[in-house]
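This report refers to the structure that appears directly beneath it.
Note that the numbering runs from 1 along the sequence shown for the chain.
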Amino acid sequence: MRCSFWMSLALCLIAGPACAIEIALPGNLVFDVPLEPGWTLYLAPPEPLVRELAGHIAHNPSASGATAEQIAGVTRNRLAANEGILYHAASGAHLDIDFSPLAPEETAPDSRMLQRSAEIAANSLEQEDDVSQLVWDISRSTFPGIDQVFLLTAGYLQHDLPMVFLGYVGYTDRSWVYLYFQAPGNDPGVLRDIKLMLSRASVRAAGR
């Protein structure tokens, strides 16, 4: 995976403003996505993002007895579960890419289960202590290389700061798929970037 990343990065520097990055996934899959200027792929959680999210978690009553280092460690471990993170340092926006393989005894989820998973994600947002004025919607969507997809679109305030959330919940090749995008504010350039990148992204078998 790291060799593929550095090779793609070299091609980016030669090719210009937008370039394709490959991210290795479970099940011999590859996530292809073009990066717009200002976006960086991280295979380990970027520390600025860890600090930002840990700051939000620190306000939760459940974290009242924890030290700053402990909260940062928990935040870092949660983010490390992703195969990759696309991070926009200037705005703090990020796309978390998580493919979670089924256990051998598990069966593939149907449409109802996928939609329910998206609803659970919305409910989890609503239950955050620092989230208010949440408005959300779930719709069927499509994503090249993913069999079934539901899209959770949400807007809310977090510590009185407007936030945008896009969550793709899907299934393919014995893996649950979670593509979660969060962006502070309503920067039209950031939203344009992520929609453009995702419209050109795809999941494929390695070697194809």
Practice prompt. Would you name the heavy atoms of P184 and S91 that are closest together and state the gap between them?
Written response: CG-O, 3.1 Å

Worksheet item: Can you name the nearest heavy-atom pair linking Y171 to W176, along with the distance?
Response: CD1-N, 4.1 Å

Worksheet item: Parallel, tilted or perpendicular for Y168 and F143, by the 30°/60° rule?
Response: perpendicular

Discussion item. Could you check whether any side-chain N or O of S117 sits under 3.5 Å from a backbone N or O of M113, counting only pairs where one atom can act as donor and the other as acceptor?
Written reply: no

Fill in: Where S141 and L151 come nearest, the two heavy atoms and their spacing
CB-CB, 3.9 Å

Item to complete: Establish whether V169 and V33 are linked, either directly or via other cluster members, by ILVMFWY side-chain heavy-atom contacts under 4.5 Å.
Response: no

Worksheet item: Does L35 reach the side chain of M197, with side-chain heavy atoms less than 4.5 Å apart?
Response: yes

Discussion item. Would you say that E83 contacts D98 through its side chain, given a criterion of any heavy-atom pair below 4.5 Å between the two side chains?
Written reply: yes

Worksheet item: Would a 4.5 Å heavy-atom cut-off, applied to side chains only, mark R78 and V74 as touching?
Response: yes

Discussion item. To the closest 0.5 Å, what do you measure between CG (L179) and CZ (F99)?
Written reply: 5.5 Å

Worksheet entry | Common cluster, V203/L43, ILVMFWY with side-chain heavy-atom separation under 4.5 Å | yes

Item to complete: Give the ring-plane orientation class for F165 versus Y180, where under 30° counts as parallel, over 60° as perpendicular and anything between as tilted.
Response: tilted

Worksheet item: Do M163 and L198 share a hydrophobic cluster (ILVMFWY, side-chain heavy atoms under 4.5 Å, transitive)?
Response: no

Fill in: F150 with F181, same ILVMFWY side-chain cluster at under 4.5 Å
no

Worksheet item: Distance-only, no hydrogens or angles: does the N82 side chain make a donor-acceptor pair with backbone N or O of L79 under 3.5 Å?
Response: yes

Worksheet item: Is a side-chain N or O of R174 found less than 3.5 angstrom from the main chain of A103, in a donor-acceptor match?
Response: yes

Practice prompt. Could you state whether V177 and F31 fall into the same hydrophobic cluster, counting links through intermediate Ile, Leu, Val, Met, Phe, Trp or Tyr residues with side-chain heavy atoms under 4.5 angstrom apart?
Written response: yes

Worksheet item: With W136, which residues qualify under ring-ring contact (aromatic ring centres under 6.0 Å, His included), at least two apart?
Response: none

